Amino acid sequence: MAVLTPELRAEAERIKARYPAGRERSAIMPLLYLVQSVEGRVTQDGLREVASLLGITTAEVEAVAGFYTMIRLRPTGRYVVSVCTNLACALRGARGVLEAARRTAGVPTDGELSEDGLFTVHEEECLAACDAAPVVAVNFANYDRMTEATVSELIEALRRGEEPPPARGPFPGDFRLVSRLLAGVPESVGAGAPEATATAEEPLR
Amino acid sequence: MSEPVRILTGRWREPDTVWIDRYLETGGYEGLRRALAMSPQEVIEVVKASGLRGRGGAGFPTGVKWSFVPQDTGKPTYLVVNFDESEPGTFNNRELVERDPHQFLEGAIIAAYAVQSHTAFIYCRGEFLWPGRILERVVAEAYDRGFLGRDILGSGYDLEVVIHRGAGAYICGEETALLSSLEGYRGQPRLRPPFPAVEGLYASPTLINNVETLSNVPHILVNGPEWFRGFGPEKSPGTKLFSVSGKVERPGNYEAPMGTPARVVIEEMAGGVLGGKRLKAWTPGGSSTPFLTAEHLDVGLDFESIQAAGSLLGTGAIMVCDETDCMVEVTRRLLQFYAHESCGKCTPCREGTWWVVRVLGRIEAGAGRPEDLPLLDDQCTNMLFRGFCALVDGAVSPMSSSLAYFRDEYEAHVREHRCPVTGRGPGLVAEQGAREEAPAATTVPSWADLAEELG
Ligand SMILES: Cc1cc2nc3c(=O)[nH]c(=O)nc-3n(C[C@H](O)[C@H](O)[C@H](O)COP(=O)(O)O)c2cc1C
Ligand code: SF4
Ligand code: FES
């Protein structure tokens, strides 16, 4: 079954054209993100479609997709909650933040996906934001200096359909929309150029 | 209190310097103008004379690297900007892009001109959603104003820039793995030589530089190599952005001349150890560089001095642990990172990291045995320099150094079946360990199975 609409197939061709002629295979990652933006993950159908776009086998695409953690081959929530537990965050209480996130989201002890399918909560490696430890990212937008209480509030707010403002930049939207941004085609979802950044409001050192 | 030096962070104090108008008003793209008025060879000579060394971890002289890119191969030449920043504790590339993105873009354009590349890729870490969005805008701005595209500033030089997002794999920061990834394959390292300068992306000459390295370049073009050499020691000139995190009062990126004593950065700039506690251990350059201790606080933060003290400057990422932190736990958590991120290509790395996590976990859980310490020593020896790339050497760093400096702490865990620092016994740790993530493609027994298996 075709995953991409004719419009998105045209988008896929533009993505391929970013790379030198004959080097279209380089587009595999943005194409996987594009498929993920439709499926909310990448299924066998999606892998097949990327394979046909690139003229390589589905097995080859799967081998690549399986290597990268941001390409989700398993069922995935609307919000991917990544809790950094690497050293700088661990030293400032990430373990408790992770526990609270899993509890509030309702993730079973042996899994990642919440019972209502809304959240994927997982342990993340260093997010390169250790100054704001412990860090939690929701669909790759960072929330700084989290505690057990604030991460629970964050998840509750998302469940109510709110869009809590991240530390920098606007709220990125659900996992499908974010995958579209990662494919590098923000216009296709009406996301314009980013505006004035919240970075400048941070305390300056 | 020493006077702060602001070169790379010069625009950070002003809000709104992110976009191109403010960048131009504050002297932006002057370095590029100067570069385009010179021959590519002259630009390389200026950067060589500055003594700038790569900030991505290895410290290779930047101008020398540029001069290695051959000009007569008949193939296109590529510039690849390494913005995959994933070394634990490191966050200066991200802030450089978030606060002053045109600075490094200008440096990238100068680098591309110097090696006569007409296509540049910015490999942006996948998780950097917002920094990636900023890049999209600044690249578009640069095209609009004639700093990218055809006939840049009327010089006849053309350059296209493509932003390429990664998808979550630490190993893709390693330059040859990055190239595999950019070509659309699994991010696994390749054999060197041939070095990327000669045979890199699409088997063509390729220059790979880090974001902080490139951010220095416009300043060198504007102010000259002698000015640059006015900061820091002779062999490590310039300033460095130190990412300070963990148990300090004010975590953050701090710019200081190379060679600044660690004490100044940790105690003055970052406000000292959190809550006035005693410093126990710190990394000078991310988790892949051996721990140092309170004894080393007066060592200068530059490539040579840190190496003489038994560690590496790496990315300049200083993670601080205090007297209340258990070094076995700290080390186990870092090794878990390497086990997770090992690309799986070579056995000492793939299996070694996996086993070390188990042995460290056993000691941490109070189930360690006296022979575990020599076993860990042995594992270090069998991993160090036995992998295809430096990831496995990075994994050994925290382990061998914590074993060297905190051996008594490991021994106390084994002897007392509990942590001498936190007082935690087997129960607590086992509960925590049961949920640790498994290394890719391996079925990991639960902590309980493991305890049984290990006796
Ligand atoms: C496991 C591993 C991970 C690395 N990750 C990064 C990284 O995230 N960013 C980076 O600039 N360099 C990284 N490097 C170093 C690069 O291989 C390369 O040396 C560097 O990008 C060269 O740029 P420079 O000369 O400007 O420092 C890594 C190296 C290894 C072995
Ligand atoms: S040392 Fe580790 S990360 Fe590097 S190539 Fe070997 S398995 Fe992969
Ligand atoms: S350790 Fe959590 S962001 Fe770096």
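What you are looking at is a predicted structure, and each value in this text was computed from that prediction instead of being measured. What's counted below: heavy atoms across the whole structure, side chains too, no hydrogens, waters or symmetry copies. All chains are named by letter (A, B, ...) in the order of the sequence lines, taking the proteins before the strands, and each is independently numbered beginning at 1.
In this structure, B/Y170 contributes its side chain and A/C126 its backbone to no donor-acceptor pair below 3.5 Å. Looking at A/S26, its side chain does come within 3.5 Å of a backbone N or O of B/L182 through a donor-acceptor pair. Side-chain atoms of A/R92 come within 3.5 Å of backbone N or O of B/G246 as a donor-acceptor pair. The closest donor-acceptor contact from the side chain of B/S245 to the backbone of A/A88 lies at 3.5 Å or more, if one exists at all.
To the nearest 0.5 Å, atoms CG (A/L91) and CG (B/L274) are separated by 10.0 Å. Between the CG atom of A/N142 and the CZ atom of B/R94 there is a distance of 7.0 Å, given to the nearest 0.5 Å. Here B/T283 contributes atom OG1 and A/L87 contributes atom CG; the two are 7.5 Å apart, rounded to the nearest 0.5 Å. Of the inter-residue distances, the one linking B/F337 atom CZ with A/E123 atom CD reads 13.0 Å to the nearest 0.5 angstrom. A distance of 4.0 Å separates CG in A/D131 from CZ in B/F91, rounded to the nearest 0.5 Å. Note: B/R133 CZ to A/L181 CG = 5.5 Å, rounded to the nearest 0.5 Å.
What you find for A/M29 and B/G166 is that their closest heavy atoms are CE-CA, 3.7 Å.
Residues A/E60 and B/R186 are not paired through a salt bridge, judged by the lack of any N-O separation under 4.0 Å between the basic side chain and the carboxylate. B/E183 and A/R23 are not joined by a salt bridge, as no carboxylate oxygen comes within less than 4.0 angstrom of a charged side-chain nitrogen.
Chain A forms the most heavy-atom pairs under 4.5 Å with one residue out of B/L334, B/V320, B/T119, B/T324, and that residue is B/L334. Among A/A63, A/A90, A/A65, A/C89, the residue with the largest count of heavy-atom pairs under 4.5 Å with chain B is A/A63.
For the pair A/R25 and B/Y185, the cation-pi criterion (under 6.0 Å, within 45° of the ring axis) is fulfilled.
By the 30° and 60° cut-offs, the orientation of the rings of B/H164 relative to A/Y19 is perpendicular.
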